[in-house]
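Just so you know, residue 1 is the first one in the sequence shown, and it goes up from there.
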Amino acid sequence: MTPTHLPGQVAIPSLPAQSRDTPGPRSPLEQFNTTPADELEPVLVGCLRSPRWARRISAHRPYPTLDALLAASDEAAYDLTPGDLTEALAGESLPALPESAYSAAHMALEAARAAYQVRFGHAFAICLDGVPRSEFADHLLAAIRSRLANDADEERVVTAEELRRLARGRLVAHLQGRG
């Protein structure tokens, strides 16, 4: 590196050549967009246990932004058939209560869950994003008891919305490396 300059001026060494072809680290969304479908779809089924939803999300890539991906997720979730919802619900389970929860809370939650399943014939789905873990038991019990008063059609709508919210949260967690 031989500096070239006129007398009386500060010499600035030349910088090493950089290739424009050298890609930097890929963003999680770029990785999502370029993962082969046969590898991505099982991950997506972990977000919402509907193979039809997973195939649709995978098939419509690439997504330019996270917001575009989440909008597509919402749209695909809104389009789930009753059979798709049944399939998605078959893989759901209640979030685990913290170890510190009293055994009475565990028993009350189990009884409410069983009553819900008898009434509606499927697992109780709820998105607890944003709810502090220490409040899970109270929130779950209140939600199950409240939703037991729904008729079947009302509950189908509420359940579909909870599944949609779960899918969004799980997608974001996956892209953030937490899922």
Peer 1: Can you tell me if R164 uses its side chain to pair, donor with acceptor, with the backbone of A77 under 3.5 Å?
Peer 2: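 Side chain of R164 to backbone of A77, a donor-acceptor pair under 3.5 Å: no, none is there.
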
Peer 1: Give a yes or no on whether V172 and V45 share a hydrophobic cluster (residues Ile, Leu, Val, Met, Phe, Trp, Tyr; joining criterion: side-chain heavy atoms under 4.5 Å apart).
Peer 2: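 No, because V172 and V45 fall into different hydrophobic clusters, even though each may have its own neighbours under 4.5 Å.
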
Peer 1: How many angstroms lie between CZ in F32 and OG in S27, if you round to the nearest 0.5 Å?
Peer 2: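 The OG atom of S27 is 11.5 Å from CZ of F32, to the nearest 0.5 Å.
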
Peer 1: Just checking, is any N or O donor in the side chain of R147 or T159 under 3.5 Å from an acceptor N or O on the other one?
Peer 2: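 Short answer, yes.
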
Peer 1: Honestly curious: do I126 and L148 fall in one hydrophobic cluster under the side-chain, below-4.5 Å linking rule?
Peer 2: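 I126 clusters together with L148.
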
Peer 1: Does P132 offer a backbone N or O that forms a donor-acceptor pair with the side chain of E135 under 3.5 Å?
Peer 2: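 The answer is no, because no donor-acceptor pair under 3.5 Å joins these two groups.
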
Peer 1: Quick one: do L70 and L175 end up in the same hydrophobic cluster if we chain Ile, Leu, Val, Met, Phe, Trp and Tyr together by side-chain heavy atoms under 4.5 Å apart?
Peer 2: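 In one cluster: yes.
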
Peer 1: Backbone N or O of A71 within a donor-acceptor pair of the D74 side chain at under 3.5 Å?
Peer 2: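 Looks like no, no N/O pair under 3.5 Å.
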
Peer 1: Group every Ile, Leu, Val, Met, Phe, Trp and Tyr by side-chain heavy-atom contacts under 4.5 Å, then state whether L85 and V158 land in the same group.
Peer 2: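 Per the 4.5 Å side-chain linkage, L85 and V158 are not co-clustered.
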
Peer 1: If you apply the rule side chain to side chain contact (heavy atoms under 4.5 Å, CB included), what do you find for L80 with L163, and how did you get there?
Peer 2: CA-CA 10 Å; L80 292 176; L163 287 172; 5.6 Å; no

Peer 1: Establish whether L171 and L66 are linked, either directly or via other cluster members, by ILVMFWY side-chain heavy-atom contacts under 4.5 Å.
Peer 2: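 L171 clusters together with L66.
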
Peer 1: Output yes when E92 and R170 qualify as a salt bridge under the 4.0 Å nitrogen-oxygen rule, no when they do not.
Peer 2: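 Looking at E92 and R170, the cut-off is met.
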
Peer 1: Assess the residue pair T35 and R61 against the criterion (side chain to side chain contact (heavy atoms under 4.5 Å, CB included)); give the C-alpha distance rounded to whole Å, side-chain angles, the decisive distance to 0.1 Å, and a yes or no.
Peer 2: CA-CA 10 Å; T35 299; R61 295 176 299 156; 4.2 Å; yes

Peer 1: Taking only Lys NZ, Arg NE, NH1 and NH2, and the carboxylate oxygens of Asp or Glu, determine whether E87 and R52 approach each other closer than 4.0 Å.
Peer 2: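 No, no charged N to carboxylate O under 4.0 Å.
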
Peer 1: Give me the ring orientation class for F124 and Y116: parallel if the planes are under 30° apart, tilted from 30 to 60°, perpendicular past 60°.
Peer 2: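 Correct class here is perpendicular.
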
Peer 1: Can you tell me how far the CD1 atom of I144 sits from the CZ atom of R119, to the nearest 0.5 Å?
Peer 2: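 That separation rounds to 13.5 Å.
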
Peer 1: Could you grab the distance from atom CG of L89 to atom NE2 of H122, nearest 0.5 Å is fine?
Peer 2: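 So the gap between those two atoms works out to 5.5 Å.
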
Peer 1: Between the main-chain N or O of P36 and the side-chain N or O of E39, is there a donor-acceptor pair closer than 3.5 Å?
Peer 2: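 Between the backbone of P36 and the side chain of E39 there is no qualifying donor-acceptor contact (under 3.5 Å).
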
Peer 1: List the atom of A37, the atom of P42, and the distance in Å for their closest heavy-atom pair.
Peer 2: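 Closest pair (atom of A37, atom of P42, distance): O-CD, 4.4 Å.
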
Peer 1: Take L44 and R55 through the side chain to side chain contact (heavy atoms under 4.5 Å, CB included) test and state the conclusion after the steps.
Peer 2: CA-CA 8 Å; L44 290 170; R55 285 190 302 272; over 6 Å; no

Peer 1: Okay, side chain of S58, backbone of A54: is any donor-acceptor separation there less than 3.5 Å?
Peer 2: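 The answer is no, because no donor-acceptor pair under 3.5 Å joins these two groups.
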
Peer 1: Give the intermediate values and the outcome of side chain to side chain contact (heavy atoms under 4.5 Å, CB included) for residues L166 and L48.
Peer 2: CA-CA 7 Å; L166 284 165; L48 181 66; 5.9 Å; no

Peer 1: Side chains of T86 and T81, heavy atoms from C-beta outward: is any pair under 4.5 Å?
Peer 2: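 Sidechains of T81 and T86: no contact.
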
Peer 1: Does the side chain of R26 come under 3.5 Å of the side chain of T34 through a donor N or O and an acceptor N or O?
Peer 2: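 Looking only at side-chain atoms, T34 and R26 do form a donor-acceptor pair, the distance falling under 3.5 Å.
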
Peer 1: Using a strict cut-off of less than 4.0 Å between a Lys/Arg side-chain nitrogen and an Asp/Glu carboxylate oxygen, indicate whether R165 and D129 qualify as a salt bridge.
Peer 2: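 No, no charged N to carboxylate O under 4.0 Å.
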
Peer 1: How long is the straight-line distance from CZ of R145 back to CG of L141, given to the nearest 0.5 Å?
Peer 2: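 So the CG of L141 and the CZ of R145 are separated by 5.0 Å.
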
Peer 1: At what distance, to the nearest 0.5 angstrom, does OG of S73 lie from OH of Y63?
Peer 2: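 Reported value, rounded in 0.5 Å steps: 8.5 Å.
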
Peer 1: To the nearest 0.5 Å, tell me how far D79 CG sits from D84 CG.
Peer 2: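 D79 CG to D84 CG: 9.5 Å, rounded to 0.5 Å.
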
